[in-house]
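Let me begin by presenting the structure, written as structure tokens, before commenting on it.
Computed from a predicted model, the values in this text were never measured in an experiment.
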Amino acid sequence: QTRISCKDIPAETLYDVLHDTSYRKKWDSNMIETYDIGRLTVNADVGYYSWRCPSPLKNRDFVTLRSWLPLGNDYMIINYSVKHPKYPPRKDFVRAVSLQTGYLIKANGDGACTLYYLTQVDPRGSLPKWVVNRVSQFVAPKAMKKIYKAGLKYPEWKRRHDPEYKPWVYPEQNTLPSVSLAELSVQHADSLENIDETGLPEDHLSTSDHEA
């Protein structure tokens with residue numbers, strides 16, 4: 001769990017940043033690929049995300065059900081992992097599990113907000129304790145700083161890239177195929193292959209992804 005104060009970014013701008021998959025490619029250097037698979041309702045969809053892990057760890061990927069809700073001037077986005085029959089685990093990734101991950105954006109007035117981030121993720125694989133400690137100390141705080149910087153640059157970027165297109169705000173713009181809830185099931189970690197990475201030496205971990 002972590003948070004960051006964004007004194008010069010309105011809550012609705014940060015909400016757009018977290019939704020806009022096209023813009024995510026500009027700021028999320030750990031992302032390999034992300035795309036929307038289909039929509040369940042006007043405020044819920046299913047998507048795919050693959051994450052570049054520090055070498056020599058294997059890269060991870062997720063299939064998640066995401067839902068969002070404007071709460072007056074505040075916003076909430078949450079997700080958890082699901083199984084989709086057309087997107088099974090891939091041989092080139094370790095399929096990780098989001099037990100529950102969420103963002104809460106609270107408006108502070110005068111174009112400012114606070115972003116709260118909470119995640120419970122099972123990365124799968126028997127990871128060494130030092131990996132878990134390194135990730136908790138560096139990755140989440142660094143990600144929050146990236147989101148903050150992305151929020152500063154987003155209005156100008158969006159003005160040049162489909163400025164009126166925001167299907168997360170205007171559901172009528174959503175052209176994703178419909179997904180039935182019956183097609184999905186909760187992704188339980190114990191049903192996935194467990195990759196043993198406990199033998200990885202700490203001094204071989206790439207540190208470039210952890211720079212502040």
Taken in chain and number order and not counting sequence neighbours, the residues that satisfy salt bridge (Lys or Arg N to Asp or Glu O under 4.0 Å) with D92 are R90

Nearest heavy-atom contact between D61 and R95 is OD1-NE, 2.8 Å

- Query: With side chains defined as the heavy atoms from C-beta onward, is the minimum distance between K146 and S29 less than 4.5 Å?
  - Reply: yes

So the salt bridge (charged side-chain N to carboxylate O under 4.0 Å, His left out) pairs with at least one residue in residues 172-185 (sequence neighbours excluded) are none

Residues at least two apart in sequence or cross-chain that pass side chain to side chain donor-acceptor pair (under 3.5 Å) with W168, listed by chain then number, are D16

Q. Does the side chain of W27 come within less than 4.5 Å of V17's, by heavy atoms?
A. yes

Under 3.5 Å, which donor-acceptor pairs do the side chains of residues 6-14 form with other protein atoms, sequence neighbours left out?
from, atom 1, to, atom 2, distance (Å)
D8, OD1, Y148, OH, 3.0
D8, OD2, Y148, OH, 3.4

From the list W68, Y165, Y103, ring-ring contact (aromatic ring centres under 6.0 Å, His included) partner of H19 resolves to W68

Parallel, tilted or perpendicular: which fits the ring planes of H84 and Y87, with parallel below 30° and perpendicular above 60°?
-> perpendicular

- Query: Does one hydrophobic cluster hold both Y117 and Y15, with members joined at side-chain heavy-atom distances below 4.5 Å?
  - Reply: yes

Residues 98-110 vs salt bridge (charged side-chain N to carboxylate O under 4.0 Å, His left out), sequence neighbours excluded, gives D74-K106

**Message:** For the backbone of K166 and the side chain of Q173, can you confirm whether one donor and one acceptor N or O come within less than 3.5 Å of each other?
**Reply:** yes

Residues passing the salt bridge (Lys or Arg N to Asp or Glu O under 4.0 Å) test with E164, sequence neighbours excluded, are none

Sorted by chain and number, sequence neighbours left out, side chain to side chain donor-acceptor pair (under 3.5 Å) with K25 holds for none

Tell me whether the centres of the aromatic rings in Y23 and Y154 are closer together than 6.0 Å. yes

Note to self: Quick check on Y48: does its OH atom have over 12 non-hydrogen neighbours (other residues, nucleotides or ligands) under 6.0 Å away?
What the structure shows: yes

Flag side-chain contact, heavy atom, 4.5 Å: I4 against I147 = no

Residues passing the side-chain contact (heavy atoms from CB on, under 4.5 Å) test with L181, sequence neighbours excluded, are L40, L65, L184

With sequence neighbours left out, the residues meeting side-chain contact (heavy atoms from CB on, under 4.5 Å) with T34 are T21, M31, Y49

Tell me, do D20 and K158 make a side-chain contact under 4.5 Å, heavy atoms counted? yes

Contacts of N108 meeting side chain to side chain donor-acceptor pair (under 3.5 Å) (sequence neighbours excluded), chain-then-number -> T114

Residues 38-48 vs salt bridge (charged side-chain N to carboxylate O under 4.0 Å, His left out), sequence neighbours excluded, gives D45-R66

Residue set satisfying salt bridge (Lys or Arg N to Asp or Glu O under 4.0 Å) with D162, at least two apart, ordered chain then number -> none

